[in-house]
Amino acid sequence: MLPLIPAAKGESVSDTIRVISSYADICAMRHPKEGAPYVASLHSSIPVINAGDGGHNHPTQTLTDLLTIKNLKGRLDHLTIGMCGDLKFGRTVHSLISAMVRYPEVRFVLISPEELRIPDYLRRDTLDAGHIDYKEVNVLEDVLPELDLLYMTRVQRERFFNEEDYIRLKDSFILDRRKMKLAPKDMLVLHPLPRVNEISTEVDDDPRAVYFKQAQYGVYIRMALIMTLLEVIPSC
């Protein structure tokens, strides 16, 4: 497998993947445009791993999240999941919602500023269409006591069209020790990383903060994915 090769010279996705197919056994592709990995897969003779496409999805992070939740919570059903921060552009949030709606009795609490709420298509086609229980709020403290999981995300500078909006919203939700006192003793805090300041470092020593362990699980799940694609281990 080759390292990431940026398309810096203007070549098309289809041309790039055709060339990479001659060099590598697997291509892990992160692209700023939604759907680019899918386009690549149509022209590739090797497996293409979607490592994130624009603001759309991030499947390998979601596999990491599922492994973390299953191992540390013991289940993937009957959970109230709070998602906090940038829910409009956060592809990890979009992917995790799409995955978790497959399990029974999963409820979502979507915590964000008005400007950063989940996209309409996700609300309409996934949550409403699936009759999933959810609510949208803009105050983190009010809902912490009811959560089994809190999935924090950073407000991403690169997703904004102007610097003023980013500066105005970037500190909207910060999880600190005082707020953690409101949360259940068995609530887990996840984060896809990297963080900026949305989780205070004083939270790191709380046993409920599992985002660094989550990153470790990401190594294991991606190893398993690569080995499966290389047919080193059988697929599940």
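Because the structure is predicted, anything quoted here is derived from the model rather than measured.
- Residues Tyr211 and Pro192 have side chains not in contact (no heavy-atom distance under 4.5 Å, counting atoms from C-beta outward).
- Side-chain contact between Ile69 and Leu190 is present, with at least one heavy-atom pair separated by less than 4.5 Å.
- Listed by first and then second residue, the side chain to side chain donor-acceptor pair (under 3.5 Å) pairs involving residues 134-148 are Arg107-Glu146, Arg123-Glu136, Asp128-Tyr134, Lys135-Glu146 (not counting sequence neighbours).
- Of all heavy-atom pairs between Phe173 and Met152, the closest is O-CE, 4.2 Å.
- Leu116 and Val196 are assigned to two separate hydrophobic clusters, defined by single-linkage of ILVMFWY side chains at heavy-atom distances under 4.5 Å.
- With values rounded to the nearest 0.5 angstrom, Ile174 atom CD1 is found 11.0 Å from Leu140 atom CG.
- Residues Ile132 and Val106 come closest through the heavy atom pair CG2-O, 3.8 Å.
- Taking CZ of Phe108 as the reference point, atom CD1 of Ile118 lies at 9.0 Å (rounded to 0.5 Å).
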Review point. After noting the C-alpha distance and the side-chain angles of Met180 and Arg208, does the key distance pass the side chain to side chain contact (heavy atoms under 4.5 Å, CB included) rule?
Key: CA-CA 9 Å; Met180 286 295 290; Arg208 294 169 291 181; 3.5 Å; yes
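- Side chains of Met83 and Ile97 form a contact here, defined as non-hydrogen atoms less than 4.5 Å apart.
- Across all non-hydrogen atoms, the minimal contact from Asp53 to Gly35 is OD2-N, 2.9 Å.
- Other residues sharing a hydrophobic cluster with Tyr38 under the 4.5 Å side-chain heavy-atom criterion for ILVMFWY residues are Leu42.
- Val139 and Leu87 are members of different hydrophobic clusters when ILVMFWY side chains are connected at heavy-atom separations under 4.5 Å.
- Counting only distance, with no hydrogens or angles, the side chain of Ser95 and the backbone of His58 share a donor-acceptor pair below 3.5 Å.
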Practice item. Start with the C-alpha gap between Tyr121 and Thr126, add the side-chain angles, then the distance that decides, and say whether side chain to side chain contact (heavy atoms under 4.5 Å, CB included) holds. Key: CA-CA 8 Å; Tyr121 79 86; Thr126 301; 5.9 Å; no
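- The only option from Thr64, Asn57, Asp65 that meets the side chain to side chain donor-acceptor pair (under 3.5 Å) definition with Gln61 turns out to be Asp65.
- Counting heavy atoms from C-beta on, the side chains of Lys70 and Leu66 never come closer than 4.5 Å.
- Atoms OG1 and CZ, from Thr62 and Arg91 in turn, are 11.0 Å apart once rounded to the nearest 0.5 Å.
- The shortest non-hydrogen separation linking Pro184 to Leu144 is CD-O, 3.2 Å.
- Ile81 contributes atom CD1, which lies 10.5 Å from atom NZ of Lys73 (distance to the nearest 0.5 angstrom).
- A heavy-atom distance below 4.5 Å is found between the side chains of Leu150 and Met187.
- For the pair Met29 and Ile49, the minimum side-chain heavy-atom distance is 4.5 Å or more.
- Here the side chains of Leu127 and Leu110 are in contact, with some heavy-atom distance below 4.5 Å.
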Point to revise | Evaluation steps, side chain to side chain contact (heavy atoms under 4.5 Å, CB included), between Tyr151 and Gln214 | key: CA-CA 11 Å; Tyr151 197 92; Gln214 179 185 358; 4.0 Å; yes
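- The structure places OG of Ser200 at 11.5 Å from CG of Asp206, a figure rounded to the nearest 0.5 Å.
- Taking CG of Leu188 as the start and CG of Leu72 as the end, the distance is 6.0 Å to the nearest 0.5 Å.
- Identified under the side chain to side chain donor-acceptor pair (under 3.5 Å) test for residues 181-196, with sequence neighbours left out: His191-Glu198, Arg195-Asp204.
- The two residues His94 and Phe89 come nearest to each other via the heavy atoms CE1-C, 4.1 Å.
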**Study point:** side chain to side chain contact (heavy atoms under 4.5 Å, CB included) evaluation trace for Ile46 with Asp25
**Key:** CA-CA 6 Å; Ile46 60 175; Asp25 299 306; 5.7 Å; no
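- Put simply, the side chain of Thr153 gets close to the backbone of Asp86: a donor and an acceptor are under 3.5 Å apart.
- Listed here is the closest heavy atom pair of Ile17 and Ser44: CG1-CB, 3.4 Å.
- Counting only heavy atoms from C-beta outward, the side chains of Thr60 and Ile221 never approach each other to under 4.5 Å.
- Within a 6.0 Å radius of CZ in Arg102, other residues, nucleotides and ligands contribute 12 heavy atoms or fewer.
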